[in-house]
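We number each residue from 1, following the sequence as shown. Predicted model, so just to flag it, every value in this text is computed and none were measured. What's counted below: heavy atoms across the whole structure, side chains too, no hydrogens, waters or symmetry copies.
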Amino acid sequence: MKFSTLAFIALTQQLTAITVQIDYSYDTNNFFNTQEKKDAIESVAEFFGDLIKDNLLRIDAAEFPQASWTAMPSHPSTGASLSIANLVVPEDTIIVYVGSRILPGSTLGTGGPGGWSGSGFTPWFDRIQGRGSAGAAVASASRTDHSPWGGSISFDADSTWNFSQSQNLPGFEFISVALHEMGHVLGIGTAPSWNNKVSGAVFTGAASTRSNGTAPPVQPGGGHFGGTGLVSEVFGSFGRTHGVLRPVLMLPSSTDDGTNLDVASDLDLAGLIDCGWEISPPLELSATALQPSAAAFTWKSSSFLDYKVDRSTDLQFFPDGSSVVAGNGTIQTWTDPAPPASNGFYRLRATQAAGPAASAALAAAASAISSFSTISEPARIAIGCYGNGH
(Lines give C-alpha, C1' and ligand atoms only; values in the text may rest on other atoms or scores of the structure.)
Protein backbone atom coordinates (compact mmCIF):
# COMPACT_ATOMS: atom_id res chain seq x y z
CA MET A 1 0.00 0.00 0.00
CA LYS A 2 1.30 3.47 -0.83
CA PHE A 3 2.61 5.31 2.25
CA SER A 4 2.18 9.08 2.50
CA THR A 5 3.22 11.28 5.37
CA LEU A 6 2.35 14.84 6.31
CA ALA A 7 4.58 16.70 8.78
CA PHE A 8 3.14 19.84 10.34
CA ILE A 9 3.52 22.06 13.37
CA ALA A 10 1.11 22.23 16.31
CA LEU A 11 1.46 23.72 19.77
CA THR A 12 0.05 22.12 22.89
CA GLN A 13 -1.65 25.45 23.63
CA GLN A 14 -2.66 27.92 20.95
CA LEU A 15 -1.41 31.12 22.54
CA THR A 16 -1.09 34.52 20.90
CA ALA A 17 1.98 36.72 20.94
CA ILE A 18 2.19 40.03 22.77
CA THR A 19 3.02 43.38 21.20
CA VAL A 20 6.10 45.27 22.34
CA GLN A 21 5.13 48.78 21.25
CA ILE A 22 8.05 51.15 20.61
CA ASP A 23 7.23 54.77 21.44
CA TYR A 24 9.44 57.63 20.17
CA SER A 25 7.58 60.42 22.01
CA TYR A 26 10.54 61.18 24.25
CA ASP A 27 13.30 60.77 21.65
CA THR A 28 13.94 64.48 22.07
CA ASN A 29 17.56 64.19 20.87
CA ASN A 30 16.26 62.77 17.58
CA PHE A 31 18.33 59.58 17.74
CA PHE A 32 15.80 57.52 15.77
CA ASN A 33 15.80 59.92 12.82
CA THR A 34 15.96 57.37 9.99
CA GLN A 35 13.80 54.44 8.96
CA GLU A 36 16.80 52.11 9.27
CA LYS A 37 17.15 52.96 12.96
CA LYS A 38 13.43 52.55 13.60
CA ASP A 39 13.39 49.25 11.71
CA ALA A 40 16.25 47.99 13.90
CA ILE A 41 14.62 48.72 17.27
CA GLU A 42 11.23 47.51 16.06
CA SER A 43 12.76 44.24 14.85
CA VAL A 44 14.02 43.68 18.40
CA ALA A 45 10.54 44.42 19.77
CA GLU A 46 9.01 41.99 17.28
CA PHE A 47 11.54 39.29 18.18
CA PHE A 48 10.53 39.29 21.84
CA GLY A 49 6.85 39.90 21.14
CA ASP A 50 6.66 36.82 18.92
CA LEU A 51 8.24 34.62 21.62
CA ILE A 52 6.17 35.76 24.61
CA LYS A 53 2.71 34.18 24.92
CA ASP A 54 1.43 35.70 28.19
CA ASN A 55 -1.99 37.28 28.41
CA LEU A 56 -1.58 40.86 29.72
CA LEU A 57 -4.78 42.61 30.76
CA ARG A 58 -5.54 46.16 29.65
CA ILE A 59 -4.61 49.04 31.97
CA ASP A 60 -7.27 51.75 31.78
CA ALA A 61 -8.30 53.86 34.77
CA ALA A 62 -11.71 54.46 33.21
CA GLU A 63 -12.60 50.82 33.83
CA PHE A 64 -12.17 51.05 37.64
CA PRO A 65 -14.04 53.16 40.23
CA GLN A 66 -12.18 56.22 41.60
CA ALA A 67 -9.01 55.05 39.86
CA SER A 68 -6.09 57.04 38.52
CA TRP A 69 -2.44 56.37 37.89
CA THR A 70 0.78 57.83 36.57
CA ALA A 71 3.29 55.81 34.56
CA MET A 72 6.81 56.81 35.56
CA PRO A 73 9.49 55.54 33.19
CA SER A 74 12.99 56.92 33.06
CA HIS A 75 13.15 59.61 30.36
CA PRO A 76 15.26 57.97 27.63
CA SER A 77 16.78 61.30 26.50
CA THR A 78 17.54 62.86 29.90
CA GLY A 79 17.55 60.12 32.55
CA ALA A 80 15.03 62.02 34.68
CA SER A 81 11.77 60.48 35.84
CA LEU A 82 8.83 60.98 33.51
CA SER A 83 5.20 61.33 34.61
CA ILE A 84 2.54 60.18 32.15
CA ALA A 85 -0.95 60.59 33.62
CA ASN A 86 -3.54 57.84 33.11
CA LEU A 87 -1.66 56.12 30.31
CA VAL A 88 -3.88 53.53 28.58
CA VAL A 89 -1.96 50.31 27.92
CA PRO A 90 -3.81 47.95 25.54
CA GLU A 91 -4.31 44.27 26.24
CA ASP A 92 -1.31 42.03 25.49
CA THR A 93 0.90 45.09 25.00
CA ILE A 94 3.85 46.65 26.76
CA ILE A 95 5.01 50.15 25.83
CA VAL A 96 8.74 50.89 25.63
CA TYR A 97 9.93 54.50 25.32
CA VAL A 98 13.24 54.84 23.48
CA GLY A 99 15.80 57.59 22.90
CA SER A 100 19.42 58.47 23.52
CA ARG A 101 21.69 60.61 25.62
CA ILE A 102 25.37 60.70 26.49
CA LEU A 103 25.86 57.78 28.90
CA PRO A 104 28.74 57.67 31.38
CA GLY A 105 32.04 55.96 30.63
CA SER A 106 31.89 53.12 28.13
CA THR A 107 28.20 52.35 28.70
CA LEU A 108 26.39 51.66 25.44
CA GLY A 109 22.84 51.36 26.71
CA THR A 110 20.62 51.32 29.75
CA GLY A 111 17.05 50.18 30.27
CA GLY A 112 14.46 48.67 32.55
CA PRO A 113 10.77 48.49 33.48
CA GLY A 114 8.96 51.71 34.34
CA GLY A 115 7.64 52.70 37.73
CA TRP A 116 4.18 53.95 38.60
CA SER A 117 1.98 55.52 41.23
CA GLY A 118 -1.76 55.17 41.54
CA SER A 119 -4.86 55.78 43.60
CA GLY A 120 -7.81 53.45 43.95
CA PHE A 121 -8.68 50.06 45.39
CA THR A 122 -6.71 46.82 45.41
CA PRO A 123 -8.16 45.39 42.15
CA TRP A 124 -6.90 48.49 40.35
CA PHE A 125 -3.40 48.09 41.80
CA ASP A 126 -3.47 44.42 40.90
CA ARG A 127 -4.28 45.38 37.32
CA ILE A 128 -1.37 47.81 37.05
CA GLN A 129 1.14 45.55 38.74
CA GLY A 130 -0.04 42.07 37.76
CA ARG A 131 -2.10 42.53 34.60
CA GLY A 132 -3.89 39.27 35.41
CA SER A 133 -0.94 37.39 36.90
CA ALA A 134 -1.28 36.56 40.59
CA GLY A 135 2.45 35.96 40.85
CA ALA A 136 3.17 39.59 39.93
CA ALA A 137 0.42 41.30 41.95
CA VAL A 138 2.01 40.73 45.36
CA ALA A 139 4.79 42.21 47.49
CA SER A 140 8.22 42.30 45.82
CA ALA A 141 9.73 39.62 48.05
CA SER A 142 7.02 37.11 47.04
CA ARG A 143 6.87 37.72 43.28
CA THR A 144 7.26 34.84 40.87
CA ASP A 145 6.08 36.72 37.78
CA HIS A 146 6.79 39.95 35.92
CA SER A 147 3.98 41.71 34.04
CA PRO A 148 5.07 45.32 33.51
CA TRP A 149 3.12 48.04 31.76
CA GLY A 150 6.35 48.86 29.91
CA GLY A 151 9.58 50.75 30.43
CA SER A 152 12.33 52.69 28.66
CA ILE A 153 15.67 52.21 26.90
CA SER A 154 18.38 54.77 26.27
CA PHE A 155 21.31 54.37 23.86
CA ASP A 156 24.62 56.19 24.06
CA ALA A 157 24.57 59.30 21.84
CA ASP A 158 28.39 59.45 21.60
CA SER A 159 28.94 55.97 20.19
CA THR A 160 29.18 54.98 16.53
CA TRP A 161 26.50 52.42 15.74
CA ASN A 162 25.86 49.73 13.15
CA PHE A 163 22.10 49.47 12.61
CA SER A 164 22.26 46.52 10.22
CA GLN A 165 20.08 43.59 11.26
CA SER A 166 22.41 40.98 9.83
CA GLN A 167 25.87 42.36 8.91
CA ASN A 168 29.00 43.25 10.82
CA LEU A 169 29.73 46.82 9.77
CA PRO A 170 31.74 49.60 11.44
CA GLY A 171 30.37 50.65 14.80
CA PHE A 172 28.82 48.90 17.77
CA GLU A 173 26.12 46.35 16.95
CA PHE A 174 22.86 48.12 17.75
CA ILE A 175 20.83 44.92 17.50
CA SER A 176 22.94 43.22 20.20
CA VAL A 177 22.68 46.17 22.60
CA ALA A 178 18.96 46.65 21.95
CA LEU A 179 18.26 42.95 22.57
CA HIS A 180 20.21 43.20 25.82
CA GLU A 181 18.41 46.31 27.07
CA MET A 182 15.01 44.91 26.13
CA GLY A 183 15.97 41.91 28.26
CA HIS A 184 16.23 44.31 31.22
CA VAL A 185 12.82 45.84 30.45
CA LEU A 186 11.45 42.29 30.47
CA GLY A 187 12.94 41.66 33.89
CA ILE A 188 16.41 40.14 33.66
CA GLY A 189 18.43 41.80 36.41
CA THR A 190 15.60 44.24 37.24
CA ALA A 191 12.38 42.37 38.18
CA PRO A 192 11.73 41.24 41.76
CA SER A 193 10.91 37.81 40.32
CA TRP A 194 14.50 37.69 39.02
CA ASN A 195 16.09 39.10 42.17
CA ASN A 196 14.23 36.57 44.32
CA LYS A 197 16.16 33.79 42.57
CA VAL A 198 19.62 35.31 43.04
CA SER A 199 21.46 33.44 45.77
CA GLY A 200 24.96 34.69 46.43
CA ALA A 201 26.95 34.35 43.22
CA VAL A 202 24.46 32.21 41.28
CA PHE A 203 20.98 32.42 39.77
CA THR A 204 18.76 29.56 40.93
CA GLY A 205 15.93 29.81 38.38
CA ALA A 206 14.83 26.34 37.31
CA ALA A 207 14.77 27.03 33.55
CA SER A 208 18.17 28.73 33.62
CA THR A 209 19.66 25.92 35.68
CA ARG A 210 18.37 23.35 33.23
CA SER A 211 19.61 25.32 30.22
CA ASN A 212 23.08 25.87 31.69
CA GLY A 213 23.41 22.43 33.29
CA THR A 214 23.98 24.05 36.69
CA ALA A 215 22.89 27.26 38.38
CA PRO A 216 24.55 29.96 36.23
CA PRO A 217 26.77 32.60 37.82
CA VAL A 218 25.60 36.18 38.17
CA GLN A 219 27.40 39.49 38.28
CA PRO A 220 27.85 40.85 41.84
CA GLY A 221 24.51 42.41 42.71
CA GLY A 222 22.64 40.07 40.36
CA GLY A 223 21.97 42.56 37.55
CA HIS A 224 23.38 40.31 34.82
CA PHE A 225 24.57 36.81 34.21
CA GLY A 226 28.28 36.69 35.07
CA GLY A 227 31.35 34.53 35.13
CA THR A 228 34.24 34.15 32.74
CA GLY A 229 33.48 32.22 29.58
CA LEU A 230 29.72 31.80 30.17
CA VAL A 231 28.33 30.59 26.85
CA SER A 232 25.06 29.14 25.59
CA GLU A 233 23.56 27.93 22.34
CA VAL A 234 22.47 30.81 20.11
CA PHE A 235 18.74 30.97 19.45
CA GLY A 236 18.66 31.33 15.66
CA SER A 237 17.62 34.91 14.83
CA PHE A 238 18.89 37.92 12.90
CA GLY A 239 20.72 35.59 10.53
CA ARG A 240 22.67 33.79 13.28
CA THR A 241 22.98 30.00 13.12
CA HIS A 242 20.85 28.15 15.66
CA GLY A 243 22.79 26.13 18.23
CA VAL A 244 26.24 27.73 17.88
CA LEU A 245 27.91 28.38 21.22
CA ARG A 246 28.42 32.09 21.90
CA PRO A 247 28.79 34.32 24.96
CA VAL A 248 25.48 34.86 26.74
CA LEU A 249 23.78 38.11 25.68
CA MET A 250 22.86 39.23 29.22
CA LEU A 251 26.46 39.62 30.39
CA PRO A 252 27.41 43.07 31.72
CA SER A 253 29.89 43.86 28.91
CA SER A 254 29.66 43.77 25.14
CA THR A 255 31.29 40.80 23.42
CA ASP A 256 31.41 42.66 20.10
CA ASP A 257 34.83 42.11 18.53
CA GLY A 258 33.96 43.52 15.12
CA THR A 259 33.31 40.11 13.56
CA ASN A 260 30.12 38.97 15.27
CA LEU A 261 26.58 40.10 15.87
CA ASP A 262 25.55 38.47 19.14
CA VAL A 263 21.89 37.65 19.69
CA ALA A 264 19.82 36.02 22.42
CA SER A 265 20.91 32.58 23.58
CA ASP A 266 18.97 29.75 25.15
CA LEU A 267 20.17 30.82 28.59
CA ASP A 268 18.93 34.37 28.03
CA LEU A 269 15.47 33.09 27.06
CA ALA A 270 15.49 30.70 30.02
CA GLY A 271 16.15 33.74 32.23
CA LEU A 272 12.96 35.32 30.90
CA ILE A 273 11.04 32.15 31.79
CA ASP A 274 12.40 32.39 35.33
CA CYS A 275 11.20 36.01 35.47
CA GLY A 276 7.72 34.61 34.81
CA TRP A 277 7.21 34.91 31.04
CA GLU A 278 5.73 32.15 28.93
CA ILE A 279 8.30 31.71 26.17
CA SER A 280 7.20 29.66 23.17
CA PRO A 281 9.64 29.57 20.22
CA PRO A 282 8.26 28.58 16.81
CA LEU A 283 8.21 24.86 16.07
CA GLU A 284 9.83 24.08 12.72
CA LEU A 285 9.48 20.38 11.97
CA SER A 286 11.41 19.12 8.93
CA ALA A 287 11.32 15.63 7.42
CA THR A 288 14.60 13.89 6.56
CA ALA A 289 12.86 10.66 5.51
CA LEU A 290 9.26 9.98 4.45
CA GLN A 291 9.11 6.43 3.16
CA PRO A 292 7.12 3.28 3.98
CA SER A 293 10.14 1.93 5.80
CA ALA A 294 11.37 5.11 7.48
CA ALA A 295 10.01 8.39 8.84
CA ALA A 296 12.53 10.75 10.44
CA PHE A 297 12.32 14.38 11.47
CA THR A 298 14.50 17.22 12.76
CA TRP A 299 13.76 20.55 14.44
CA LYS A 300 15.51 23.47 16.10
CA SER A 301 15.28 22.76 19.80
CA SER A 302 15.58 24.97 22.88
CA SER A 303 17.25 23.67 26.02
CA PHE A 304 14.37 24.80 28.25
CA LEU A 305 11.72 22.80 26.35
CA ASP A 306 10.71 19.14 26.09
CA TYR A 307 9.40 17.81 22.78
CA LYS A 308 7.19 15.04 21.48
CA VAL A 309 6.32 13.96 17.95
CA ASP A 310 2.78 12.58 17.75
CA ARG A 311 1.47 10.43 14.88
CA SER A 312 -2.02 9.98 13.50
CA THR A 313 -3.34 7.82 10.70
CA ASP A 314 -6.50 9.86 10.10
CA LEU A 315 -5.82 13.45 11.31
CA GLN A 316 -8.63 12.99 13.84
CA PHE A 317 -6.85 11.35 16.76
CA PHE A 318 -3.20 11.79 17.74
CA PRO A 319 -2.16 9.16 20.30
CA ASP A 320 0.57 10.28 22.68
CA GLY A 321 2.92 7.71 21.23
CA SER A 322 6.45 9.08 21.19
CA SER A 323 8.89 9.44 24.05
CA VAL A 324 10.00 12.80 25.40
CA VAL A 325 12.96 14.35 23.59
CA ALA A 326 14.75 16.87 25.80
CA GLY A 327 15.77 20.05 23.98
CA ASN A 328 19.47 20.89 24.05
CA GLY A 329 19.57 24.14 22.10
CA THR A 330 20.71 22.50 18.86
CA ILE A 331 19.07 20.44 16.10
CA GLN A 332 17.17 17.47 17.55
CA THR A 333 16.05 14.37 15.68
CA TRP A 334 13.34 11.72 16.04
CA THR A 335 12.75 8.58 14.01
CA ASP A 336 9.49 6.66 13.94
CA PRO A 337 10.45 3.11 14.98
CA ALA A 338 7.45 1.60 13.16
CA PRO A 339 5.88 3.82 10.47
CA PRO A 340 2.26 2.92 9.66
CA ALA A 341 1.53 0.82 6.62
CA SER A 342 -1.04 3.37 5.43
CA ASN A 343 -1.13 7.14 5.81
CA GLY A 344 0.86 8.76 8.62
CA PHE A 345 0.47 12.33 9.82
CA TYR A 346 2.96 13.84 12.29
CA ARG A 347 2.95 16.87 14.56
CA LEU A 348 5.53 18.37 16.90
CA ARG A 349 4.61 19.48 20.41
CA ALA A 350 6.65 21.37 22.98
CA THR A 351 6.16 21.87 26.70
CA GLN A 352 8.00 24.26 28.97
CA ALA A 353 10.22 22.07 31.10
CA ALA A 354 10.42 24.39 34.08
CA GLY A 355 9.09 27.73 35.24
CA PRO A 356 7.43 29.62 38.08
CA ALA A 357 3.87 29.01 39.17
CA ALA A 358 1.72 31.16 41.39
CA SER A 359 0.43 29.46 44.52
CA ALA A 360 -3.14 29.59 45.79
CA ALA A 361 -1.94 31.89 48.57
CA LEU A 362 -0.56 34.32 46.02
CA ALA A 363 -3.82 34.25 44.07
CA ALA A 364 -5.80 34.98 47.23
CA ALA A 365 -3.48 37.85 48.16
CA ALA A 366 -3.78 39.36 44.70
CA SER A 367 -7.57 39.36 44.78
CA ALA A 368 -8.04 40.77 48.29
CA ILE A 369 -10.14 43.94 48.56
CA SER A 370 -8.79 46.92 50.49
CA SER A 371 -9.84 50.46 51.28
CA PHE A 372 -9.06 53.37 48.96
CA SER A 373 -5.36 54.22 49.03
CA THR A 374 -2.42 55.55 47.05
CA ILE A 375 0.68 53.45 46.37
CA SER A 376 3.69 53.59 44.08
CA GLU A 377 6.50 51.47 42.71
CA PRO A 378 9.83 52.81 41.38
CA ALA A 379 11.30 52.36 37.94
CA ARG A 380 14.08 49.76 37.82
CA ILE A 381 16.99 50.58 35.54
CA ALA A 382 20.01 48.33 35.14
CA ILE A 383 23.12 50.20 36.29
CA GLY A 384 26.55 50.04 34.63
CA CYS A 385 25.03 48.09 31.80
CA TYR A 386 26.56 46.72 28.62
CA GLY A 387 29.74 48.73 28.49
CA ASN A 388 32.35 48.26 25.80
CA GLY A 389 34.45 45.39 27.09
CA HIS A 390 37.54 46.48 25.16
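- Criterion: ILVMFWY side-chain heavy atoms under 4.5 Å apart, direct or through other members. Under it, M250 and V202 are not part of a common hydrophobic cluster.
- Looking only at atom types and distance, the side chain of S232 has no donor-acceptor partner in the side chain of N212 under 3.5 Å away.
- For L249 against S265, the heavy-atom pair with the smallest separation is N-OG, 4.5 Å.
- Between the side chains of N196 and S193, not a single donor N or O lies within less than 3.5 Å of an accepting N or O.
- Chaining together hydrophobic side chains whose heavy atoms lie under 4.5 Å apart leaves V88 on its own.
- Note: T190 OG1 to E181 CD = 10.0 Å, rounded to the nearest 0.5 Å.
- Proximity of a side-chain donor or acceptor of N162 to a complementary backbone N or O of Q167 within less than 3.5 Å is detected.
- Between L186 and C275, every side-chain heavy-atom pair lies at or beyond the 4.5 Å cut-off.
- Each of D266, N328, I273 was checked for a side chain to side chain contact (heavy atoms under 4.5 Å, CB included) with S211, and the lone residue meeting it is D266.
- Between L108 and W161 there is a side-chain heavy-atom pair separated by less than 4.5 Å.
- A donor-acceptor contact shorter than 3.5 Å links the side chain of H184 to the backbone of I188.
- Within 6.0 Å of the CD1 atom in I102, the count of heavy atoms belonging to other residues, nucleotides or ligands does not exceed 12.
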Please test R210 against D306 for side chain to side chain contact (heavy atoms under 4.5 Å, CB included), starting from the C-alpha separation and ending with a verdict. CA-CA 11 Å; R210 167 174 165 153; D306 288 329; 2.9 Å; yes
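- Under the rule for a salt bridge (charged side-chain N to carboxylate O under 4.0 Å, His left out), the partners of R380 that lie at least two apart in sequence or sit in another chain are E377.
- A donor-acceptor pair under 3.5 Å is absent between the side-chain atoms of K300 and the main chain of G236, judged by distance alone.
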Quick one, R131 with D145, criterion salt bridge (Lys or Arg N to Asp or Glu O under 4.0 Å). Give me CA distance, side-chain angles, the key distance, then yes/no. CA-CA 11 Å; R131 305 194 66 180; D145 212 334; over 6 Å; no
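- Under the ring-ring contact (aromatic ring centres under 6.0 Å, His included) criterion, W299 pairs with Y307, not counting sequence neighbours.
- The only member of V98, V96, I94 that meets side chain to side chain contact (heavy atoms under 4.5 Å, CB included) when paired with M182 is V96.
- With F64 as the aromatic partner, R127 does not meet the cation-pi criteria of under 6.0 angstrom to the ring centre and within 45 degrees of the ring axis.
- By the salt bridge (charged side-chain N to carboxylate O under 4.0 Å, His left out) test, E42 is found to be paired with no residue, residues two or more places apart in sequence or in another chain being considered.
- Between the CZ atom of R311 and the CZ atom of F345 there is a distance of 12.0 Å, given to the nearest 0.5 Å.
- Between P216 and L267 the shortest side-chain heavy-atom distance falls below 4.5 Å.
- Considering all non-hydrogen atoms of both residues, K308 and V324 come closest at CE-CG2, 3.5 Å.
- For the side chain to side chain contact (heavy atoms under 4.5 Å, CB included) with S176, the qualifying choice from V263, V44, L261 is L261, the only one to do so.
- Among all heavy-atom pairs drawn from G329 and H242, the shortest one is O-NE2, 3.2 Å.
- Both the sub-6.0 Å distance and the 45° axial angle are not jointly satisfied by K37 relative to the ring of F174.
- Closest approach of A40 to F163, counting heavy atoms only: CB-O, 3.7 Å.
- In terms of the ring-ring contact (aromatic ring centres under 6.0 Å, His included) criterion, F48 has no residue partners (sequence neighbours excluded).
- In this structure, S77 and D27 approach most closely via the heavy-atom pair OG-CA, 3.6 Å.
- V218 and L230 fall within the same hydrophobic cluster, defined by Ile, Leu, Val, Met, Phe, Trp and Tyr side-chain heavy atoms under 4.5 Å apart, directly or through other members.
- For E91, the CD atom sits in a packed shell: over 12 heavy atoms of surrounding residues, nucleotides or ligands are nearer than 6.0 Å.
- For W194, the ring-ring contact (aromatic ring centres under 6.0 Å, His included) test picks out F203, F225, with sequence neighbours left out.
- Contact record, A45 with V20: CB-O, 3.4 Å, taken as the closest heavy-atom pair.
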